[in-house]
Every structure is written in structure tokens, then in C-alpha cells.
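Accompanying notes for the structure given below.
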Amino acid sequence: MHSLPEYQKIIAQHFKEIQINKEPEGLYEPIDYILSLGGKRMRPVLTLMAAEIFNCDYKKALNAATAVEVFHNFSLIHDDIMDDAPLRRGKETVHEKWDLNTGILSGDAMLILAYQYFENYEPVVFQKLAKLFSKTALEVCEGQQYDVDFEVRDDVSIPEYLKMIEYKTAVLVGAAMKMGAIVAETSEENANLIYEFGLNLGIAFQLQDDYLDAFGDPKTFGKQVGGDIIENKKTYLYLKALEFGTNEQQEQLSHLFSIQPSDNTDKIESVKQIFIETNSAQETQNAIKSYTERAFETLNKLDVDNSKKEVLKDFGEKLMNRNV
């Protein structure tokens, strides 16, 4: 087994070596650009890690890991277009650096490229990977649509919100891990368990992202604290505050999430105070803990050495003890 930084180094080096030098340049240059922006690359790391958990050389899982990362970045290009986002990882987004049509077409090409990486596997493994990938890709699109729908709805429920983050974020984390298991050709039960581990950890991760967006340290969070509040996003914190708040608190919160002041400082502080007073902040932390524990419970059923279960648990703990 390798350490997390070692896996990240392997993936970083791998992506330096797979530059797509094809014609027409206008299609492939934006793909090289988005893939060169880096990021944590947690999903491909998880694919390599899962393969080694089940006694497979990580190198065999590199094509599957590449497919996961290419797909993830395809979804980011299109998300950025939908959000009209100017920056991604501190650099210009593809549609800003080039144009809207380039973002759409290069993104489309990335989805097809992602599938091509599975062609390097034997037919049985290829079929399993492609089947999981198709299911996951569709769920990610469904999650994105739920997110868009929620922007104009005032009646979003907690179960609906959890389903949205499961599809939009967590299913790809689960799939990344299951792909490593498929490449390793472990049992179906092991593959399904590692998927459940990744899925629950992915939900916990997104809930923690919601929490840190409001209560994270601006020095370490890596993006603007209070961004979700400024954008009036109905996160888990918001929904729990509405559930537990008094009529007065509910009205105040609804009002604050209907305005766009030129200076958001007071708005952010007022909303955060409501999150604390209604116990929404504490309830969100409880949910993060609950989904993390649910992930760890699946490890007990995995048919691998305890030392490897500890590697996964250690990874989960590091992920959930972050402040960025």
C-alpha cells in the first residue's frame, strides 16, 4: 500500500504524461488546460487505493482512475457554464478563456474520452466498468438538475437535499472506489461494500463542505467563507434552521435569503447566528459524524486484512478532520 501523498504524486505525474496532442487544437487544448489545473484529484486516488486494498497492482487501475478524473473535469466545465463561473481552482474557466461553444464541445469530447480509457481492459472487466460508469454519469446529471430545480423552490425537504448531494457528489466517490475493486477482480460483495464506504464518506464530505462554507477558517478554507449564504443556497444548514427555528427566525432567514446586499458582511453574520441559535450548526455536525460512522461500519464486513481496513479508516478520518 502507498500513502495518500504517494498516490497523489503518482496521479499528478500520470496526468503530466498523458497530454492529449491531437487535432483540431481548438477541441483538445481546452481539455489539456482543465486537466492541468490539478486540484486534490481525490477520486482517481481512491481508485488506485481501492485496487491495492484488494491486492492488485495500482498500475492496472490507472486507466480507470484516468476515466474518473476526465469525467469529473468534464462535469466541472459544464457546471461552470451553467453557473457562469469565472474561475476554477483560481484560474480562468474554460468558457471564459475560450468561449461558450468551446466549453460545450470540449466537455462533450471529454465524456467520450473517459469511456475510451476503459477499452484497455479485458471484456468482462470493461463491461462492469462501463455499466457502473453509465449509471454514475446519469446520476451526476440528475443531481445537477435537482440542484438547479432547488434554486427556485421554497419547499425543499431534507431527504430531497440529501438525495441531491448523493447524486451530484457522493456517487462518483463511491464509483471511483468500486472501479478499483472491479479492476482488482475481487468479489461482488467486496465491490459493493467499498462503494457504500465511498458513498457515505462522499455525503459526509459534502455536508462538511456546507458546514465549512459558513464556519470554516478563511485562512485555510481555500474559498470565500459564506459563499453559499451570499448565493442564497439552500444547504443542509439552511434547511435544518428552518426546521428547528421559531416563526420569527424562519421569517428572518427567509428574508435574508431573498436579498442581495452590496455588502454581505452583516447578512453572513446574521445567518450564521441563526444557524447557531437554532442548533442547525450542531445538527449538521451530527449528520457529518453519522454518515462517517456509517462508512466505517461497512469496513467491518469487508473481506480484507484488518491492516487494510485501518488504511481506509485512516483516510476517512483525515478527510473528515480537514479544515479546508
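Note that this is a predicted model, so its numbers are computed, not measured.
Residues D210 and Y161 have side chains that bring a donor and an acceptor to within less than 3.5 angstrom of each other. Checking N232 against K267 by side-chain atom types alone, a donor-acceptor pair falls below 3.5 Å. A donor and an acceptor atom, one from each side chain of E196 and N192, are nowhere located under 3.5 Å apart. Between the side chains of E283 and Y236, no donor-acceptor pair is found at a separation under 3.5 Å. Side-chain atoms of N247 and E251 include no donor-acceptor pair closer than 3.5 Å. Side-chain contact of N306 with E310: a donor-acceptor pair under 3.5 Å is absent, judged by distance alone. If you check the side chains of E269 and Q273, you find no donor sitting under 3.5 Å from an acceptor. Between the side chains of Y33 and S106, not a single donor N or O lies within less than 3.5 Å of an accepting N or O. A donor atom on one side chain and an acceptor atom on the other are not found under 3.5 Å apart for T102 and H95.
Residues A64 and V183 share a closest heavy-atom pair of CB-CG2, 4.1 Å. Nearest heavy-atom pair across D303 and N190 is N-OD1, 2.9 Å. Nearest heavy-atom pair across T278 and G245 is CG2-CA, 3.7 Å. Among all heavy-atom pairs drawn from I11 and A65, the shortest one is CD1-CB, 4.2 Å. In terms of heavy-atom proximity, A281 sits nearest to F215 at CB-CE1, 3.9 Å. Taking both residues in full, the closest heavy atoms of Y146 and K163 are given as OH-NZ, 3.3 Å, listed atom of the first, atom of the second, then distance.
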- Task: Determine, stepwise, if the pair L199 / V173 fulfils side chain to side chain contact (heavy atoms under 4.5 Å, CB included).
- Result: CA-CA 6 Å; L199 186 77; V173 178; over 6 Å; no

- Could you please spell out the steps behind the side chain to side chain contact (heavy atoms under 4.5 Å, CB included) verdict for E52 and Y7? CA-CA 11 Å; E52 288 209 316; Y7 284 123; 2.6 Å; yes

- Item | Stepwise side chain to side chain contact (heavy atoms under 4.5 Å, CB included) test for F315 and L201 | CA-CA 10 Å; F315 167 76; L201 210 58; 3.9 Å; yes

- Query: Would Y238 and T235 count as a side chain to side chain contact (heavy atoms under 4.5 Å, CB included) if you check the C-alpha gap in whole Å, the side-chain angles of each, and the deciding distance to 0.1 Å?
  - Reply: CA-CA 5 Å; Y238 172 86; T235 63; 4.1 Å; yes

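Within 6.0 Å of NZ on K272 lie more than 12 heavy atoms contributed by other residues, nucleotides or ligands. More than 12 heavy atoms of other residues, nucleotides or ligands lie within 6.0 Å of CG in N300, so this atom counts as buried by the packing criterion. Heavy-atom contacts from other residues, nucleotides or ligands closer than 6.0 Å to CD of Q260 number more than 12. Other residues, nucleotides and ligands contribute at most 12 non-hydrogen atoms within 6.0 Å of the CD atom of E189. Annotation: K168, atom NZ; neighbour count of heavy atoms from other residues, nucleotides and ligands within 6.0 Å is above 12. Within a 6.0 Å radius of CD in Q116, other residues, nucleotides and ligands contribute more than 12 heavy atoms.
Side-chain atoms of D83 do not come within 3.5 Å of backbone N or O of D80 as any donor-acceptor pair. Panel note: side chain H78, backbone I104; a donor-acceptor pair is recorded below 3.5 Å. At distances below 3.5 Å, not a single donor-acceptor pair connects side-chain atoms of S134 with backbone N or O atoms of K131. With hydrogens and angles disregarded, no donor-acceptor distance shorter than 3.5 Å links the side chain of T47 to the backbone of M179. Between the side chain of Q249 and the backbone N or O of T246 there is at least one donor-acceptor pair closer than 3.5 Å. The main-chain N or O of P86 is never found under 3.5 Å from a side-chain atom of E96 such that the two would form a donor-acceptor pair. A donor-acceptor pair under 3.5 Å is absent between the side-chain atoms of E231 and the main chain of D228, judged by distance alone. The main-chain N or O of N286 is never found under 3.5 Å from a side-chain atom of S290 such that the two would form a donor-acceptor pair. Judged purely by atom type and a 3.5 angstrom limit, D213 uses its side chain to pair as donor or acceptor with the backbone of G227. Put simply, the side chain of T298 gets close to the backbone of A295: a donor and an acceptor are under 3.5 Å apart.
Taking the six-membered ring where the residue is Trp, F71 and F74 present tilted rings, their angle falling between 30° and 60°. The aromatic rings of Y58 and H2 sit perpendicular to each other, their planes meeting at more than 60°, with 30° as the lower class boundary. Using the six-membered ring where Trp is involved, F275 and F257 have ring planes that are tilted, between 30° and 60° apart.
Residues K309 and D305 are not paired through a salt bridge, judged by the lack of any N-O separation under 4.0 Å between the basic side chain and the carboxylate. The existence of a salt bridge linking E69 and R41 is confirmed by a sub-4.0 Å separation between a basic side-chain nitrogen and an acidic carboxylate oxygen. Ion pairing between a basic and an acidic side chain is recognised when a charged N comes within 4.0 Å of a carboxylate O; K234 and E151 show no such pairing.
With values rounded to the nearest 0.5 angstrom, L129 atom CG is found 6.5 Å from Y121 atom OH. For the atom pair CD of E166 and CG of L172, the computed distance is 13.0 Å after rounding to the nearest 0.5 Å. Atom-to-atom distance recorded for C141:SG and L111:CG is 8.0 Å, nearest 0.5 angstrom. With values rounded to the nearest 0.5 angstrom, L35 atom CG is found 5.0 Å from N73 atom CG. For the atom pair S254 OG and D154 CG, the distance stands at 7.0 Å (nearest 0.5 Å). Here OG1 of T169 is found 9.0 Å from NE2 of H72. Values are rounded to the nearest 0.5 Å.
At least one side-chain heavy atom of V70 sits under 4.5 Å from a side-chain heavy atom of T66. Inter-residue side-chain proximity for M42 and L4 is flagged as met; some heavy-atom pair is nearer than 4.5 Å. Within the 4.5 Å cutoff, no side-chain heavy atoms of K308 are placed close to those of F54.
There is a path of hydrophobic side-chain contacts, each under 4.5 Å, that joins L100 to M110. When the side chains of ILVMFWY residues are joined at heavy-atom separations under 4.5 Å, either directly or via intervening members, Y211 and I158 end up in a single hydrophobic cluster. Tracing side-chain contacts under 4.5 Å through hydrophobic residues (I, L, V, M, F, W, Y), one never reaches L37 starting from L76; they form parts of separate clusters. Under the 4.5 Å side-chain contact rule for hydrophobic residues, Y28 and Y115 share a cluster. Linking ILVMFWY residues whenever their side-chain heavy atoms come closer than 4.5 Å, directly or via other members, places L319 and M1 in the same cluster.
The cationic atom of R294 (NZ for Lys, CZ for Arg) lies less than 6.0 Å from the six-membered ring centre of Y291 and within 45° of the ring axis.
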